[in-house]
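So you know, we letter chains A, B, ... as the sequences are listed, proteins then strands, and number each from 1.
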Protein chains: 2
Amino acid sequence: MNRRSFHRAPEGERRQELIEATLDCISEFGLKGATVRQIAIRAGVTAGLVRHYFESKDQMVAEAYRAVIASLTEKASKVEGDPETRLRDFIAINLTEPVADSRSISLWAAFISQVRVDPVLSEIHREGYLAFRNSLQELLADFLATKGKPADAETCRAFAIAINGLVDGLWVEGCLAGDLFREGELVAIAMSSVEALLGTSIGTAKQ
Amino acid sequence: MNRRSFHRAPEGERRQELIEATLDCISEFGLKGATVRQIAIRAGVTAGLVRHYFESKDQMVAEAYRAVIASLTEKASKVEGDPETRLRDFIAINLTEPVADSRSISLWAAFISQVRVDPVLSEIHREGYLAFRNSLQELLADFLATKGKPADAETCRAFAIAINGLVDGLWVEGCLAGDLFREGELVAIAMSSVEALLGTSIGTAKQ
DNA sequence: GCAGCTATTATTCAAGCGTATAATAATACG
DNA sequence: CGTATTATTATACGCTTGAATAATAGCTGC
């Protein structure tokens with residue numbers, strides 16, 4: 001009657017592992033397949049432990065969604081340098097790995113499909129989306145200002161919506177069927193499209 | 001010991017009702033919540049009937065996905081008139097109801113999240129996506145030709161990818177947070193963006 | 001108007017779900 | 001080094017799930 005041996009994880013670490021295991025399971029088996037037991041196996045613990053760290057499975061899944069949004073936005077939100085560089089980096093980061101890969105969109109889609117169903121997820125989503133678009137809008141305002149172009153709020157809003165849509169749409173295409181595109185093709189198309197939209201070079205001209 | 005009374009549905013009709021009920025449940029309760037019993041209730045029959053029309057629940061769900069793709073593509077694929085009109089209609093149709101609404105994206109996202117998991121859904125997805133983009137690419141080729149612009153395959157491909165991304169991305173934005181946009185705003189942004197991308201008017205200039 | 005066919009209902013089943021509880025192994029502390 | 005604490009395991013419970021089966025009600029053709 002021997003029990004499994006185990007080690008007690010340091011502060012907060014096990015929590016993080018469980019969230020990561022949750023995302024692994026969702027991306028591999030879908031929301032349906034992400035059962036408490038599967039998640040526990042993935043995390044290398046037993047199922048009961050989930051309820052030691054979370055009030056319920058639903059709460060754990062909600063925190064996992066927060067983690068997804070964070071991973072999709074954090075890299076793009078900490079671009080640095082002059083506005084032109086930041087704009088280029090913003091586009092490139094969102095359209096290359098690890099932001100653009102099939103795991104990301106599986107997770108994103110799984111949660112989006114629940115946003116209408118679950119008010120908790122809905123609130124998490126809304127916060128994340130607005131923050132993302134607002135930071136793009138500010139970036140565009142800075143960029144247009146340095147180019148001496150009109151940068152009133154209404155103009156920036158329209159550009160932010162269009163470019164956000166373009167980048168999101170290309171992100172989806174790339175994630176779902178990356179093999180249909182050549183290396184760097186999506187980024188190149190995005191760059192020249194943004195130049196056409198804004199009517200300004202963003203420093204990507206061929207030498 | 002009275003049984004419920006019922007009526008025998010005419011050829012194929014019940015099948016269609018079950019598929020529609022499946023989509024209703026997925027959009028309202030998510031893939032998890034779309035159980036055989038819920039679907040049967042929605043269709044006004046008992047659960048056992050599902051297996052009289054489909055080999056398994058999974059097969060019914062796969063056919064429901066085919067129906068979703070059809071409803072998302074059929075309206076846009078049968079635009080008529082000269083190329084310029086067709087291009088304008090293509091954009092408008094994809095960014096207004098019924099194609100752009102929260103139910104559509106719930107369904108789309110639910111299935112997309114399973115594409116990585118389920119090879120059957122994956123194949124259905126790939127067919128639908130390629131058909132959609134190819135028809136857009138042909139439309140663009142026609143349009144550019146009438147405008148006397150270069151319309152070689154490579155150019156059309158790049159434009160199709162960009163415009164498909166733009167429209168898809170705006171579609172997602174509109175579906176997820178339609179209340180953040182003014183009436184007709186997304187369509188207007190899409191129209192002027194496409195004009196900027198192609199470097200050509202598409203007949204939407206304000207008079 | 002009745003005989004036969006089958007679409008539909010009703011019931012049952014094993015498997016898997018999230019959760020609750022109790023036992024116990026690993027650590028921290030005096 | 002012994003003892004208290006708690007993170008972790010192990011097990012069990014009630015419920016829901018997709019599916020299989022048997023009974024039957026509604027149609028169709030004669």
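- B/Arg4 has a side-chain polar atom (N or O) that falls below the 4.0 Å cut-off from OP1 or OP2 of C/dT9.
- Residue side chain A/Arg37 reaches the base of C/dG18 through a donor-acceptor N/O pair under 3.5 Å, judged by distance alone.
- With the end axes of the helix from C/dG1-D/dC30 to C/dG30-D/dC1 each set by five pairs, the angle from one to the other reads 20° at 10° resolution.
- Closest non-hydrogen pair, B/Leu197 versus B/Phe159, comes out as O-CE2, 3.5 Å.
- Rounded to whole Å, the distance from CG on B/Leu49 to C1' on C/dT11 is 16 Å.
- Using a distance-only test at 3.5 Å, with no hydrogens or angles considered, no donor-acceptor pair links the side chain of B/Gln114 to the main chain of B/Leu121.
- Residue B/His52 has a polar side-chain atom (N or O) positioned under 4.0 Å from OP1 or OP2 of C/dA7.
- Distance CD (B/Gln38) to P (D/dG18): 10 Å, rounded to an integer number of Å.
- Taking only distance into account, the side chain of A/Arg3 meets the base of C/dA23 through a donor-acceptor pair shorter than 3.5 Å.
- At the heavy-atom level, A/Thr46 lies under 4.0 Å from base atoms of the strands shown.
- Taking CD of B/Glu127 as the start and OG of B/Ser122 as the end, the distance is 10.0 Å to the nearest 0.5 Å.
- If you measure from atom CZ of B/Arg51 to atom P of C/dT11, you get 20 Å, rounded to the nearest angstrom.
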Atom pairs and distances, side-chain donor-acceptor, residues 163-171 of chain B, under 3.5 Å, sequence neighbours left out:
unit_1, atom_1, unit_2, atom_2, d
B/Asn164, ND2, A/Glu173, OE1, 3.1
B/Trp171, NE1, B/Val99, O, 2.9

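- As rounded to whole Å, 15 Å separates atom P of D/dT16 from atom NZ of B/Lys32.
- Across all strands shown, A/Val50 has no heavy atoms under 4.0 Å from either base or sugar-phosphate atoms.
- Remark: the backbone N or O of B/Ala100 is not paired with any side-chain donor or acceptor of B/Ser104 at under 3.5 angstrom.
- Aromatic ring pairs are classed by plane angle as parallel below 30°, tilted from 30° to 60° and perpendicular above 60°; the pair A/Trp108 and B/Trp108 is perpendicular.
- In the interface, the side chain of A/Arg8 is paired with the base of D/dT6 through a donor and an acceptor atom under 3.5 Å apart.
- Remark: P of C/dC17 and CG of A/Asp58 are 15 Å apart, rounded to the nearest angstrom.
- In this structure, B/Ala9 reaches the sugar-phosphate backbone alone: every heavy-atom distance under 4.0 Å involves primed, P, OP1 or OP2 atoms, never a base.
- B/Glu195 places a side-chain N or O within 3.5 Å of a backbone atom of B/Ile202 that can act as its donor or acceptor partner.
- For the pair B/Phe6 CZ and D/dA23 P, the computed distance is 16 Å after rounding to whole Å.
- Heavy-atom nearest nucleotides on DNA chain D were determined for B/Thr35 and for B/His7, and the one closer to the 5' end corresponds to B/Thr35.
- A straight line from CD1 of B/Ile41 to C1' of C/dT9 spans 14 Å, rounded to a whole angstrom.
- Between the CE atom of B/Met60 and the P atom of D/dA19 there is a distance of 9 Å, given to the nearest Å.
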